[in-house]
Amino acid sequence: MTVWSPLPREFYERDTLTVAPSLLGQYIVRRLGEQVLAGRIVEVEAYVGFHDQASHASRGKTSRNALMFGPAGYAYIYFIYGMYHCLNVVTEHSEYPAAILIRALEPVAGIEEMRSLRGGVPDQQIASGPGKLCQALKIDRTLNGIDLTQPGALFVAAGEVMPLGKICSSSRVGVRGDEKALSAPWRFFVCHHPHLSKHNQRT
DNA sequence: GGTTCGATCCTCT
DNA sequence: GAGGATCGAACCT
């Protein structure tokens, strides 16, 4: 049985564009009673600061995005398009809005349950997208604000360090905003990994 | 109180 | 590649 050891808060209190690629290779762990579901992070996106037009924080602090303005190491989970949830980890310090969207996982534990939650799609599609991985791990707004540094129902556990040479980046997916927001290469992923979301993979 | 629309995904063409 | 699903937050009036 694998021991899942949560990453400390200090991990998230660094510059968001440093934390984002560092999350690749770490694990998202979801506990459902006795059962443990887990996946290796293979794709993320950074949303940083007051003026990132792609970020929910760009229009100021609201009840929805308040967590982004809070301390690091907590989950910011929101409901989107009437049917999906997205999981973010909050970074940096209080009163500065920053978070990292978890976009894709490679399932590593509880795969049978994840398959079932996803309706039996091929394994490479179980968690290959932000909405999909929330389905696969049974993540919804009831987990919004949970402390990801504590070994509870949802946390991030230490994995292996991803070699720099295996990390690729690109512009972010599905965002709107000014030229800067559209062109910023703030999507990070494991190059050529089979469990990525379906998008162009330029380096 | 009404309208708009989204950090998505699936299905159909 | 286009369109629909489906609903709550945000932003009007």
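Chain letters run A, B, ... following the sequence lines, proteins first, then strands; residues in each count from 1. Since we're looking at a predicted model, the values are computed, not measured.
Atom CD1 in A/Ile139 sits roughly 16 Å away from atom P in B/dT8 (whole-Å rounding). Atoms CD1 (A/Ile77) and C1' (B/dA7) sit 14 Å apart, rounded to a whole Å. Regarding A/Leu101, its CG atom lies at a distance of 16 Å from the P atom of B/dG6, rounded to whole Å. In this structure, A/Lys198 places its NZ atom 16 Å from C1' of B/dT8, rounding to the nearest Å. Per the geometry, CD1 belonging to A/Ile102 stands 14 Å off P belonging to B/dT8, to the nearest Å. Rounding to whole angstrom units, CZ of residue A/Arg103 and P of B/dT8 are separated by 6 Å. Residue A/Tyr76 contributes atom OH, which lies 14 Å from atom P of B/dG6 at whole-angstrom precision. Taking atom NE2 of residue A/His56 and atom C1' of nucleotide B/dC5, one finds them 11 Å apart after rounding to whole Å.
Under a 3.5 Å cut-off, the side chain of A/Thr18 and the backbone N or O of A/Arg14 do not form any donor-acceptor pair. Judged by distance alone, with hydrogens and angles left aside, the side-chain atoms of A/Ser116 form no donor-acceptor pair with the main-chain N or O of A/Glu112 at under 3.5 Å.
Atom CG of A/Leu24 is separated from atom CZ of A/Arg40 by 11.5 Å, given to the nearest 0.5 angstrom. Atom CD1 of A/Ile28 sits about 7.0 Å away from atom CG of A/Leu148, to the nearest 0.5 Å. Going from atom CG of A/Asp140 over to atom CG of A/Leu87 covers 11.5 Å, rounded to the nearest 0.5 Å.
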Any chance you could encode DNA chain B as dot-bracket? Rule is Watson-Crick or G-U wobble with both distances under 3.5 Å; [ ] for pairs crossing earlier ones, | for another strand.
-> ||||||.|||||.
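Salt-bridge formation is detected for the pair A/Arg9/A/Asp147: a Lys NZ or Arg NE/NH1/NH2 atom is positioned less than 4.0 Å from an Asp or Glu carboxylate oxygen. Salt bridge annotation for A/Arg172-A/Glu45: absent, with no cationic side-chain nitrogen under 4.0 angstrom from a carboxylate oxygen.
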Taking N or O atoms only and anything under 3.5 Å, show me the protein contacts with nucleotides 3-9 of chain C, one pair per line.
residue : atom : partner : partner atom : Å
C/dT6   : O2   : A/Tyr81 : O            : 2.5

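Between A/Tyr27 and A/Trp4, the ring planes lie perpendicular to each other; the angle is over 60°, past the 30° to 60° tilted range.
A sub-4.0 Å separation between OP1 or OP2 of B/dT8 and a side-chain N or O of A/Arg176 is absent.
Sulfur-to-sulfur, A/Cys191 and A/Cys168 sit under 2.5 Å apart at their SG atoms.
Among the heavy atoms of the strands, none lies under 4.0 Å from A/Arg172.
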